[in-house]
Amino acid sequence: MDYRRTYVRDLFAATPGTEISVFGWVKTRRDSKGISFVQVSDGSCFRDFQVVVPAGAIPDAELAKVSTGACVRFDGTIVESPAALQAVELSATGLEVFGEADPQTYPLQKKGASFEFLREIAHLRARGNTFGAVFRVRAQAAQAINEFFHHRGFHYIHTPIITASDAEGAGAMFQVTTALEANAPLEAPDGHFSYRLKTVNPSDDFFGRPAYLTVSGQLNAETLAMGMTNVYTFGPTFRAENSSTSRHLAEFWMVEPEMAFCDLEGDMNLAEEFLKEVIGNVLDHCGDDLAFFNQRIEPQLLTTLDHVVNSPFERLTYTEAVAMLEASGENFEFPVAWGIDLQSEHERWLTDVKVGRPVILTDYPKEIKAFYMRANDDGRTVRAMDVLAPRIGEIIGGSQREERLGHLEARIDEAGLPRAAYSWYLDLRRYGSAPHAGFGLGFERLLMYITGMKNIRDVIPYHRTSGNAEF
RNA sequence: UGCCGCAUAGCUCAGUUGGCAGAGCAGCUGACUGUUAAUCAGCGGGUCAUAGGUUCGAGUCCUAUUGCGGCAGCCA
């Protein structure tokens, strides 16, 4: 056995008469008198391949093991199929069952299960249509992201997962420590365990100081952009927010480009090109998977994605957006006024009702944005941008960074943050500072947009949320 | 964290005013020479989430707990 063999995705174009083997997992078996049909899937593509077992070709006792979920190899000959749904099929002469799946206990069935139930058996859900498609699209989108940046001369960098910056302002953080130890074994019979404190002195902790899981690679990425010009990170990110919504995870993947010699217009141009190219790439490479999502998950999916790829994004300032919301006549739960942070309902009205495609909002009030965003001359707004997408809301958040030392120090002071903790970040402005900009894109939110999946927990193999670290 | 909703067979769900626990699919047994979530016949399958309470009687009403989901906040 070797990875170099013919996969299911290639079998549909196999020449009749070819002797070949099909490796995979059984979706269904249909029996008629003297003949059986077995659908075999190996995850290489959306479709599964039909194997025909003629009368007497395989002993009944062996064929009986071929049930939904079993792992098998069928040997045989490619033949033209007399039926309409496939051009060719495998006429089986031999069978090896690698692993049976007891039909009495195997939890998956050919009829659909709810996504909530499948989350409980996440270790088995990659075998189904939906999650096979989700994870193929995920792989293709990740590939497309790397290609997008590679073709534009961006360097792929790796920023630290563990950080000592404790005040980046991007959200609650997970502390990383060896000072705490679980007392009882995790498999304690009563299911309870407690913690023991090994030290109360930070200097005795592993890093000699408080340390956390990163909430953003941006500040580190800026340091590499100030020397390599165009860089990006693509890696895991952590938020300890106790948020239980369909679009938040405690562990998620984020794409963060950072560009020297770039302003907010350049940043917006990159974000728009990025979304169009990555979505276009997935449209080109995952047609069967997207057709499935369009048919079973989100009826307008393909229309929407084509529209995104082919039409310009709407660009509005925060001030213009607030004026539109105020003139909308809508009765919002949270009233609109200049200076407020836009609520989900406001963003949804702008994207889904007013514009109908992605919207880029810029120049937010400085009070509701992070300290590192570049101040505008009006004294009250900053060069921030959010890309809002219909259905899912904010998908990208970015800004032109404050490159002027004095302005940045003032903002750090205003925010009540300790300058000393940012000495290395301030050094970038002290020595050879440059105008620069970048953004962060939530990879899972992009996948929700591309697949039409409604819950972010269903576009990542194993979701981590508050109260859930299963598998 | 707040508000709301849900919890009945392996899965998806019905269950009327409080009165014998139901269906489809899956499973098992059989039928059918080419099926496409095959079809047809038969069979088995339940601590109605947990703990209390009201009642002659609770899947159904009340309380608490647990789990799951939705929305909001936080954000990507």
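If you're wondering where the values come from, they're calculated on a predicted model, not measured in any experiment.
The aromatic ring centroids of A/Tyr232 and A/Tyr156 lie less than 6.0 Å from each other. Remark: aromatic rings of A/Phe238 and A/Phe252 are distant, center separation not under 6.0 Å. Annotation: A/Phe234 is in aromatic contact with A/Phe443 [ring centroid separation under 6.0 Å].
In this structure, the aromatic ring of A/Phe252 is positioned over the six-membered ring of the base of B/rA76, centres within 5.5 Å and planes within 30°.
Residue A/His436 forms a side chain to side chain donor-acceptor pair (under 3.5 Å) with just one option from A/Arg401, A/Glu222, A/Gln400, A/Glu402, and that option is A/Glu222.
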Check: Going through the distances and angles, do A/Glu414 and A/Arg411 end up as a salt bridge (charged side-chain N to carboxylate O under 4.0 Å, His left out)?
Finding: CA-CA 5 Å; A/Glu414 273 177 37; A/Arg411 286 302 307 279; 3.7 Å; yes
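Checked by distance alone, A/Arg445 brings a side-chain donor or acceptor within 3.5 Å of a matching partner on the base of B/rC75. Side-chain N/O atoms of A/Glu116 and base N/O atoms of B/rG70 include no donor-acceptor pair closer than 3.5 Å.
Using C1' as the reference atom, B/rA58 and B/rU17 are 14 Å apart when rounded to the nearest Å. Here, B/rG18 and B/rC48 have their C1' atoms 15 Å apart, quoted to the whole Å. Comparing B/rG46 with B/rC4, their C1' atoms sit 30 Å apart, to the nearest whole Å. For the C1' atoms, the distance linking B/rU60 with B/rG19 amounts to 11 Å, nearest Å. Rounded to whole Å, the separation between the C1' atoms of B/rU29 and B/rG45 comes to 15 Å. For the C1' atom pair drawn from B/rG15 and B/rG53, the interatomic distance equals 24 Å after rounding to whole Å.
Atom P of nucleotide B/rC75 and atom NZ of A/Lys369 are separated by 8 Å, given to the nearest angstrom. Atom CG of A/Asp60 and atom P of B/rU29 are 12 Å apart (whole Å). Spacing between atom CZ of A/Phe334 and atom C1' of B/rG73 amounts to 8 Å, rounded to whole angstrom units. With rounding to whole Å, A/Glu470 atom CD is found 13 Å from B/rG67 atom P.
Here the shortest heavy-atom pairing between A/Gly452 and A/Arg391 reads CA-NH2, 3.8 Å.
In terms of phosphate contacts, A/Arg457 brings no side-chain nitrogen or oxygen within less than 4.0 Å of OP1 or OP2 of B/rC68. In terms of phosphate contacts, A/Arg247 brings no side-chain nitrogen or oxygen within less than 4.0 Å of OP1 or OP2 of B/rC74. A sub-4.0 Å separation between OP1 or OP2 of B/rG67 and a side-chain N or O of A/Asn468 is absent. Look at A/Thr28 and you'll find a side-chain N or O under 4.0 angstrom from OP1 or OP2 of B/rA38. Taking side-chain N and O atoms only, A/Ser32 has no distance below 4.0 Å to OP1 or OP2 of B/rU33. When the side-chain nitrogen and oxygen atoms of A/Ser344 are compared with OP1 and OP2 of B/rG73, one or more of them lie within a distance under 4.0 Å. Regarding contacts with the backbone of B/rC74, every side-chain N or O of A/Thr245 stays at 4.0 angstrom or more from both OP1 and OP2. Contact between the side-chain N/O atoms of A/Arg30 and the OP1/OP2 oxygens of B/rU35 is not found at any separation under 4.0 Å.
When both distances must be under 3.5 Å, the Watson-Crick or G-U wobble mate of B/rA38 does not exist. Base pairing analysis places B/rA14 opposite nothing; no Watson-Crick or G-U wobble pair with both distances below 3.5 Å involves it. Across the strands present, B/rU66 finds its partner in B/rA7; the criterion is a Watson-Crick or G-U wobble pair with both atom distances under 3.5 angstrom.
Proximity note for A/Gln343 (side chain, C-beta onward) versus B/rA38, B/rA37, B/rA72: the nearest is B/rA72. Nearest nucleotide to the side chain of A/Arg239, out of B/rC75, B/rC28, B/rC32: B/rC75. Taking only side-chain atoms of A/Glu241, from C-beta outward, the nucleotide of B/rC28, B/rC74, B/rG34 with the closest atom is B/rC74. Checking B/rU36, B/rA72, B/rG69 against every side-chain atom of A/Arg348, the shortest atom distance belongs to B/rA72. Considering only side-chain atoms of A/Pro103, the nucleotide from B/rG27, B/rU35, B/rA76 that sits closest is B/rG27.
A salt bridge is absent between A/Glu367 and A/Arg380: the closest approach of a Lys/Arg side-chain nitrogen to an acidic carboxylate oxygen does not fall below 4.0 angstrom.
Sequence order on RNA chain B of the closest nucleotides to A/His248 and A/Phe117 puts A/Phe117 first from the 5' end. RNA chain B is contacted by both A/Glu89 and A/Asn455; A/Glu89 maps to the nucleotide lying nearer its 5′ end (nearest heavy atom per residue).
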